[in-house]
A.B. asks: 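Can you read through this structure? Questions will come right after.
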Amino acid sequence: MLGGGKRVLLVGGEGIVLFGPTARGVEHEVALSWEVPNFDQQLVEALTEQNQDKPIVVVFDGADQTYRREENIPKLSMFDRPRFVRRKLDLAFPSYPVRAAIEVKPPKVKGRAAPAAPPSYLFAAISETERLDRVGAAMLEAGVPVAGFGLLPIESAGLVTTLADKLFEKEGGRSRWSVLIGQHETGGLRQVVVKDGNLALARLTPPTEAGTQGVGWVEEVVQEFRATLTYLSRFGYTPDDGLDVMIVCGDVEKQFFDAKTMSAKNFRCLKNLDALALLGVRGVGLEKNSFADAVHAAWIGKSKSLVASVKVPSLERFTAPRLFARVATGALALSMLALMFFNFTDYQAYAEIRDDIEQKETRKAMLEREYEKESETFKSFPVKAELVKGTMSIKKLLDQNTINPDKFFHRLRDALGVDIFLTSLQMVHEPAPKLKGETPSGGLFGAAPAVGENGKIKAVFRFTMASAIPLEQKVLRAEALLISLQQKFPGYEVKIASQFGNVSRTGSLQGQATGQDTAADPNANVEQFAEFSMEGPPL
Amino acid sequence: MIVKLIGLKRFVILLAALGLNGLLAAGYFWGMVPMRERAVTEQSSLQGQISSLQTKINDIKKDIVDIRENLPKYEALKNAGLFEGQDRFELQRKLGELQAKAEISGFSFNVKDIESLQNADAETMEHKLISSRVTLDKLSTTFDMPVYDLLRSIPAVFPQHARVQEINIQRASSQKIDAPTLQKISAGQSVGFIQTTVLFDWMTLVPKEISAAPGTDGNAQGFRGR
């Protein structure tokens, strides 16, 4: 079966031959001559008659092909080499509408790696595309898919090597050169010569009066083969290299070929069906056909891809849009999958959210019932909550700014002692500003407010002592009282506002020296008192 | 032309693919996305409502606990007179009670106009905090103990709420200790060795819209007496 179910359309000088895939084989569908009056219509019908959905590989087998070897391509990066080769190709075949470049692989030597050599290319070109244009128009009309366009000699180089391997590998060993000769239904005697697996030479001899079978054809083949040998010697062929010759012909023609006259190391004549069998392909509709086209078609059809796909403008004008349509369809399919995925995931998320919403609504209803129940309890109280709360807060404020004077008086009493007689006592409890609805005073930069939240106590008291006590002792006693008050009232600012007799132990002094005790009070008849002031937080 | 170039089958497939993509995209961007956004909004809104309800329930439960705890205290304060209107006749009676409790012979008193104090809690309760400054003057005693007794009696007579602002105790230098004075003392009579002035504030809460008695402006006036 043609690989991947492809059809192969061979286009030659005499006409076209179409091969289609069958079960494990290749079928000769139709052969049309260019001279047929309604060639285009017949071709369209043939294309649409069967296997219409199978893609078609168009292979050019005409004589208008030109080849040139381009060697010593400089070592360039993988990005620069294709551009360099394209430029060389354009220079080699500037006016040829169809051009292609194929890299020539270095020969493989068994048991050793391929020798490193600068890359070389085989340039191919077609000068005339009228026939291809007709074929392209018919394919467009028929609406058949196109798998690609190739040149038969390039595509069949592998066929020659494979057949030679299968026929001669085990027998006498392979030669460096191999040639496959066959009469083609598309027109002409085709010779494909391969050296070390690479295409070396391709010749197409137009049909002659000798015909396509019989003794006359055999003689023509031998003659053309010998002409090919002279070409080969120019390409470096020597008998030491060896030459494997394979000819596709009928049973009758086989008898007339003499291996000895063929100057070949290995020689074989085989029918097209036998060649197909070697390729593992069955031929259908070839019983009376000894042409070699089917063998090439089977080989090309079997291949996954063309060795050198060539761009032909008349085919390109609809293959490019079709490729774009295919790519676009693929992209749209991916896009569809992506959108379906997004829709699905979003829907899943949406469904989860809806489930959650249902649960939340249930919870909300439950909370509303609970709130209603608590509100009923709340409303059942005889007094509003704000009233109770506010009252407690105000009561707290009032308590904070209310003192029990007893505490202060007791502590003061303890500090005074029994030798001190109070003459006056003034105590003021300044409340915190908040009680009066004022803003507490305090600096902008965080200075502590002047009055704390419990207010401030200010006390001033005067006292006397027994008049017999000397002034100096009274002063000392007052100073001792200052220290005692500072200890008993921590956090309080305690000052002596006025000392006994307005005396200052370090200040100015007036008096008289009379011989009496200088420590005696010079103002003995004046009532003496000391005055203290105290300021601090409530106890 | 396009149909011819790419083939009818391929064209139909392409159109169908485009159409399906369009439908799916429209369904996604105009259907699914807005639907999901609405659902998310609804979900957030519900969550907000639930949080708000929970907060309200917690607050109301807390308030209920507070009320249950403080209602007896509130009633006690109310019964003790925290919500009295500071009627001046009532005040006079209380001062008489104070004098009796302290066992003081007598004193002059001066009560200033009621002052309304700014208080945010009172505002919330739709009440106002009022204060009357009471000055007890010419408090004349032999010793200072009755003065302290008077100071201790003030919270008993004005339980809710009185606060002492100022105490001024002076030993009277003019009072001589002679035989007549000592006789008076032994007879249990008061001799004015100690002169005291006491200032205190009587503070209560009254509703904001307390209606005025006819002929007054709604505030109790200053008062003097003995």
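Just so it is clear: chains get the letters A, B, ... in the order the sequence lines come, proteins before strands, and each one is counted from 1. Just so we're clear, the structure is a prediction, and the values are computed from it rather than from any experiment. Values below: all heavy atoms of this structure, side chains included; hydrogens, waters and symmetry mates excluded.
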A.B. asks: If only atom types and distance count, is the side chain of R163(B) paired as donor or acceptor with the main-chain N or O of L398(A) below 3.5 Å?
C.D. replies: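 Not at all, since once roles are kept as given, no pair shorter than 3.5 Å links the two residues.
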A.B. asks: Counting only heavy atoms closer than 4.5 Å, note whether P321(A) contacts chain B via side chain, backbone, both or neither.
C.D. replies: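 Both backbone and side chain of P321(A) come within 4.5 Å of chain B.
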A.B. asks: Is there a side-chain contact between R363(A) and Q54(B) in this structure, where contact means two heavy atoms from C-beta onward sitting under 4.5 Å apart?
C.D. replies: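 The answer is yes; the side chains approach within 4.5 Å.
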A.B. asks: Counting heavy-atom pairs under 4.5 Å to chain B, which of L339(A), L140(A), D346(A) comes out on top?
C.D. replies: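 The answer is D346(A).
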A.B. asks: Using non-hydrogen atoms and a 4.5 Å limit, figure out which bit of Q49(B) sits close to chain A: side chain, backbone, both or neither.
C.D. replies: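 When you check distances to chain A, only side chain atoms of Q49(B) fall under 4.5 Å.
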A.B. asks: Name the option with the most non-hydrogen atom pairs under 4.5 Å to chain B; the candidates are K384(A), K373(A), M366(A), E361(A).
C.D. replies: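 Looking at each option in turn, the highest pair count goes to E361(A).
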A.B. asks: Taking L397(A), I353(A), V388(A), T329(A) one by one, which has the highest count of heavy-atom pairs under 4.5 Å against chain B?
C.D. replies: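 Answer, by heavy-atom pair count under 4.5 Å with chain B: I353(A).
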A.B. asks: If you count heavy-atom pairs within less than 4.5 Å of chain B, which of K360(A), K458(A), R354(A) leads?
C.D. replies: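 Counting heavy-atom pairs under 4.5 Å, the top option is K360(A).
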A.B. asks: Need one label for L18(B): side chain, backbone, both or neither, based on atoms under 4.5 Å from any heavy atom in chain A.
C.D. replies: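 Backbone plus side chain of L18(B), per the 4.5 Å heavy-atom cut-off to chain A.
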A.B. asks: Who wins among Y148(B), F11(B), Y28(B) for the most heavy-atom pairs under 4.5 Å with chain A?
C.D. replies: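 Highest number of heavy-atom pairs under 4.5 Å: Y28(B).
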A.B. asks: Is it the case that over 12 heavy atoms from other parts of the model lie below 6.0 angstrom from the CD atom of Q52(A)?
C.D. replies: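 Counting other residues, nucleotides and ligands, CD of Q52(A) exceeds 12 neighbours.
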A.B. asks: Got a second to check how far L23(B)'s CG is from M336(A)'s CE, nearest 0.5 Å?
C.D. replies: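 Here the rounded value is 10.5 Å.
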A.B. asks: Indicate yes or no: at least one non-hydrogen side-chain atom of Q165(B) is less than 4.5 angstrom from one of V428(A).
C.D. replies: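 Yes - at least one pair of side-chain heavy atoms lies under 4.5 Å apart.
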A.B. asks: What closest approach, in Å, do T402(A) and A162(B) show between heavy atoms, and which atom pair accounts for it?
C.D. replies: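 Where T402(A) meets A162(B) most closely, the heavy atoms are CG2-O, 3.6 Å.
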A.B. asks: Can you tell which part of L151(B) gets under 4.5 Å to a heavy atom of chain A, answering side chain, backbone, both or neither?
C.D. replies: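 Only the side chain of L151(B) comes within 4.5 Å of chain A.
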A.B. asks: Check whether E126(B) gets within reach of chain A through its side chain, its backbone, both or neither, counting any heavy atom under 4.5 Å.
C.D. replies: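 Neither part; nothing is under 4.5 Å.
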A.B. asks: Given the options L435(A), I403(A), N404(A), T377(A), which has more heavy-atom pairs under 4.5 Å with chain B than any of the others?
C.D. replies: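 The candidate making the most pairs under 4.5 Å is L435(A).
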A.B. asks: Less than 4.5 Å to any heavy atom of chain A: does that hold for the side chain of E75(B), its backbone, both, or neither?
C.D. replies: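 Looking at E75(B), just its side chain touches chain A.
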A.B. asks: Hey, could you give me the CZ/CG distance between F341(A) and L24(B), rounded to the nearest 0.5 Å?
C.D. replies: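 Between F341(A) CZ and L24(B) CG, I get 14.0 Å after rounding to 0.5 Å.
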A.B. asks: For residues M427(A) and I169(B), determine if any side-chain heavy atom of one lies less than 4.5 Å from a side-chain heavy atom of the other.
C.D. replies: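 They are not in contact (no side-chain heavy atoms under 4.5 Å apart), so the answer is no.
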A.B. asks: Dump the intermediate steps for side-chain contact (heavy atoms from CB on, under 4.5 Å) on D399(A) and H161(B), then the final yes or no.
C.D. replies: CA-CA 9 Å; D399(A) 287 342; H161(B) 178 91; 3.4 Å; yes
A.B. asks: Would you check if the side chain of N21(B) reaches a backbone N or O of L332(A) as a donor-acceptor pair within less than 3.5 Å?
C.D. replies: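 Yes, N21(B) side chain to L332(A) backbone: donor-acceptor pair under 3.5 Å.
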A.B. asks: Quick one: of Q118(B), K9(B), M32(B), who has the most non-hydrogen atom pairs under 4.5 Å with chain A?
C.D. replies: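 Option with the greatest count: M32(B).
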A.B. asks: To the nearest 0.5 Å, what is the distance between CD on E374(A) and CG on D59(B)?
C.D. replies: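 Those atoms lie 12.0 Å apart.
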A.B. asks: Under 4.5 Å from any heavy atom of chain A, what part of R152(B) do you find: side chain, backbone, both or neither?
C.D. replies: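 The side chain, not the backbone.
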A.B. asks: Restricting to non-hydrogen atoms, name the atom on I394(A) and the atom on A122(B) that form the minimum distance, rounded to 0.1 Å.
C.D. replies: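 Here I394(A) and A122(B) meet closest at CD1-N, 3.7 Å.
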A.B. asks: Between P382(A) and L71(B), is there a side-chain heavy-atom distance shorter than 4.5 Å?
C.D. replies: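 Counting from C-beta outward, L71(B) and P382(A) do come under 4.5 Å.
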A.B. asks: If you count heavy-atom pairs within less than 4.5 Å of chain A, which of L77(B), D66(B), V164(B), T196(B) leads?
C.D. replies: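 Ranked by heavy-atom pairs under 4.5 Å with chain A, first place is L77(B).
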A.B. asks: Using a cut-off of 6.0 Å, state whether more than 12 heavy atoms not belonging to E372(A) lie near its atom CD.
C.D. replies: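 No.
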A.B. asks: Picking from K78(B), Q43(B), Q170(B), which has the most non-hydrogen pairs under 4.5 angstrom with chain A?
C.D. replies: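 Top count of heavy-atom pairs under 4.5 Å with chain A: Q43(B).
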A.B. asks: Measuring from atom CE of M203(B) to atom NZ of K395(A), what distance do you get when rounded to the nearest 0.5 angstrom?
C.D. replies: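 The CE atom of M203(B) sits 11.0 Å away from the NZ atom of K395(A).
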A.B. asks: At what distance, to the nearest 0.5 angstrom, does CD of E376(A) lie from CD1 of I60(B)?
C.D. replies: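 The distance works out to 9.5 Å.
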A.B. asks: What closest approach, in Å, do P145(A) and R10(B) show between heavy atoms, and which atom pair accounts for it?
C.D. replies: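 Smallest interatomic distance, heavy atoms only, reads CB-NH2, 4.1 Å.
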A.B. asks: Between L14(B) and chain A, which part of the residue has a heavy atom less than 4.5 Å away: side chain, backbone, both or neither?
C.D. replies: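 For L14(B), the contact with chain A is made by backbone and side chain together.
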A.B. asks: Please classify the contact between F461(A) and chain B as side chain, backbone, both or neither, with a heavy-atom cut-off of under 4.5 Å.
C.D. replies: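 Looking at F461(A), nothing touches chain B.
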A.B. asks: Check the pair D121(B) / M392(A) against side-chain contact (heavy atoms from CB on, under 4.5 Å), numbers first and verdict last.
C.D. replies: CA-CA 9 Å; D121(B) 290 315; M392(A) 292 299 116; over 6 Å; no
A.B. asks: If you take all heavy atoms of I67(B) and A385(A), which pair is closest and at what distance?
C.D. replies: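 Taking every non-hydrogen atom into account, CD1-CB, 3.4 Å.
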A.B. asks: Between I167(B) and chain A, which part of the residue has a heavy atom less than 4.5 Å away: side chain, backbone, both or neither?
C.D. replies: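 Both backbone and side chain.
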A.B. asks: By a 4.5 Å heavy-atom criterion (distance strictly below it), what part of L205(B) contacts chain A: side chain, backbone, both, or neither?
C.D. replies: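 Interface part for L205(B): side chain.
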A.B. asks: Under a 4.5 Å heavy-atom cutoff, which of V3(B), D144(B), L199(B), L117(B) has the most pairs with chain A?
C.D. replies: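 Most heavy-atom pairs within the cutoff with chain A belong to L117(B).
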A.B. asks: Can you name the nearest heavy-atom pair linking F83(B) to T391(A), along with the distance?
C.D. replies: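 Taking every non-hydrogen atom into account, CZ-OG1, 3.5 Å.
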A.B. asks: Please report the C-alpha distance between L53(B) and E370(A) in whole Å, then the side-chain angles of each, then the deciding distance to 0.1 Å, and finally whether the side-chain contact (heavy atoms from CB on, under 4.5 Å) criterion is met.
C.D. replies: CA-CA 9 Å; L53(B) 270 169; E370(A) 192 183 342; over 6 Å; no
A.B. asks: Output the option from D356(A), V460(A), V144(A), I357(A) having the highest count of non-hydrogen pairs under 4.5 Å with chain B.
C.D. replies: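 Of D356(A), V460(A), V144(A), I357(A), I357(A) has the most heavy-atom pairs under 4.5 Å with chain B.
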A.B. asks: Please report the shortest heavy-atom distance between R68(B) and F381(A), naming the atom on each side.
C.D. replies: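 Scanning both residues, the minimum pair turns out to be CG-CZ, 3.8 Å.
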A.B. asks: In Å, rounded to the nearest 0.5 Å, how long is the span from CD of E368(A) to NZ of K56(B)?
C.D. replies: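 One finds 9.0 Å between CD of E368(A) and NZ of K56(B).
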